[in-house]
Structure formats: structure tokens, C-alpha cells
Enquirer: 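Provided herewith is a single structure, encoded as C-alpha cells, for subsequent inquiry.
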Amino acid sequence: GQSLEQPSEVTAVEGAIVQINCTYQTSGFYGLSWYQQHDGGAPTFLSYNALDGLEETGRFSSFLSRSDSYGYLLLQELQMKDSASYFCAVNSGAGSYQLTFGKGTKLSVIP
Amino acid sequence: KAGVTQTPRYLIKTRGQQVTLSCSPISGHRSVSWYQQTPGQGLQFLFEYFSETQRNKGNFPGRFSGRQFSNSRSEMNVSTLELGDSALYLCASSLGTSGGSDTQYFGPGTRLTVL
């Protein structure tokens, strides 16, 4: 089967840094994506890693190690608006677009 | 550029009925994927269409079906509704031509409630 594991909940203080880890077991792998979803909203794309290493986009960074089947999302300078659920997702469909999602990490940013 | 749109946003149906949901992708995107989101199971892949052809299908019963039109708009249909089909149904569009690495952009979803 295919599975992605990520923590269910994380709490962090405004202005701090938080790291959300994701480990995966999938039959195929084309890349690891991260999505943010606010309550009642749609998932919005944050970042994508196809190769090992760190990708940085503003306050968000994402890391991938394919040999360890592991990645993480790093959020810096946390703001209250960052309170949301964060999902890692693996594209494992050869030549197509099938995302397998983790269960999501609910991030609560406190003052 | 307009985002992904889904209609209707909310639906209430009773068991045994059928329902059709619609998704209009971002202009120029040819791939449309459908996902079901529930509190218990999370986000689960239903199927993906590209150029009017189903390219991939998730592990859902045959009651769930879809199609895509020549303008890339897509519909999904659920027949003989069950209580467990209550969920947020999301569609996502992408260019669909990069072997799986394109970003998928999600619509706001259709909230289906089955009574």
C-alpha cells in the first residue's frame, strides 16, 4: 500500500520556526508536494520537491531526501494566519497526476 | 487568470439518489483530478482525466464515475448515494504534460451531505 506519515498536530508561537515532517512509503515517486488548507477552504499549493535538497519560497522551505523517503516543511517567522492544516502529498502516478496525501498536520500558532 | 471553479458549492441529497458535480479548470489546463475529503479518511484520489480520457483511477467503487469534455471541463457522478459519501469533493487542475510534476491547483470544493 501507499502511506504518508505526518504529525497530527503542532503548536508553535508567533514569530517562531516550526518544522513539519513527512515520511512516505509509495510504490512510485515523482515528487513531494506540500499544501496548506485553512478550515473551510481548499488546499493551496506551497512547494514541490522532485530532487533531494532544500527549496525555499519566502517564509516557507521544503526539504526532500529520497533515500530516506523523508521530507519536511519549514515555516519561519510564524504568523497567526499560518494556523491551518498542512498536507504532504506524493505523486506516484507514472505519467499521470495521482496525489497520495498524508492525513495532515494541524498547526496552531499562538501569541 | 481565473482559478478552478466548482458547482454547486453545497448539495444535500438522500440515500439512493444520484448526484453530478461540475469542475471548470484553469484556462489552458488539460488535466483534471478529483478527490474526496472526509475527516476520517482525509484526502483520497478518485480519478484523473486528461484530454477526455481517464488516465488514472483510485480505489473507489463503480458508483463513482466521471468524464471530461473537449473544453477540459469535467463532471463526476455518484450513483446510489450512501451516507458515507458525505464529504467535500475537490477537483484540481494542472497542465498535465510534465510526467506528473505539474502543480495541481484546487477548486473550492463541493460539500455533499447525504441524509
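Keep in mind the model is a prediction, meaning the values are calculated, not measured. Lettering follows sequence order; numbering is per chain, from 1.
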Enquirer: Once you round to the nearest 0.5 Å, how far does CD of B:Gln44 lie from OG1 of A:Thr100?
Expert: 10.0 Å

Enquirer: Would you mind checking which part of B:Phe47 comes under 4.5 Å of any heavy atom in chain A, side chain (CB onward), backbone (N, CA, C, O), both or neither?
Expert: neither

Enquirer: Is it the side chain or the backbone of B:Leu43 that comes within 4.5 Å of chain A heavy atoms, both, or neither?
Expert: both

Enquirer: Answer yes or no: are there more than 12 heavy-atom neighbours, outside A:Arg59 itself, under 6.0 Å from its atom CZ?
Expert: yes

Enquirer: Determine whether A:Phe45 and B:Phe106 make a side-chain contact, defined as any pair of heavy atoms from C-beta on separated by less than 4.5 Å.
Expert: no

Enquirer: Of all the heavy-atom pairs spanning A:Ala42 and B:Gly107, show the shortest one and how long it is.
Expert: CB-O, 2.9 Å

Enquirer: With a 4.5 Å cut-off on side-chain heavy atoms, are A:Phe101 and B:Gln37 touching?
Expert: no

Enquirer: Is there a path from B:Leu83 to B:Val78 through hydrophobic residues (I, L, V, M, F, W, Y) whose side chains come within less than 4.5 Å of each other?
Expert: yes

Enquirer: Out of curiosity, does B:Phe50 fall in the hydrophobic cluster containing B:Phe45 (side-chain heavy atoms, cut-off under 4.5 Å, transitive links)?
Expert: no

Enquirer: Counting only heavy atoms not in B:Asn59 (residues, nucleotides, ligands), do more than 12 fall under 6.0 Å from its CG?
Expert: no

Enquirer: B:Leu112, B:Leu90: one ILVMFWY side-chain cluster at the under-4.5 Å cut-off?
Expert: no

Enquirer: Name the option with the most non-hydrogen atom pairs under 4.5 Å to chain B; the candidates are A:Ser85, A:Gly31, A:Pro43.
Expert: A:Pro43

Enquirer: Just wondering, are more than 12 heavy atoms of other shown residues or ligands nearer than 6.0 Å to CD in B:Gln54?
Expert: yes

Enquirer: Is B:Gln41 close to chain A through its backbone or its side chain, or both, or neither, when contacts mean heavy atoms under 4.5 Å?
Expert: both

Enquirer: Ignoring hydrogens and angles, tell me if any N or O in the side chain of B:Tyr35 forms a donor-acceptor pair with the backbone of A:Leu99 under 3.5 Å.
Expert: yes

Enquirer: Count the heavy atoms belonging to other residues, nucleotides or ligands that lie under 6.0 Å from CG of A:Asp39, then report whether that count exceeds 12.
Expert: no

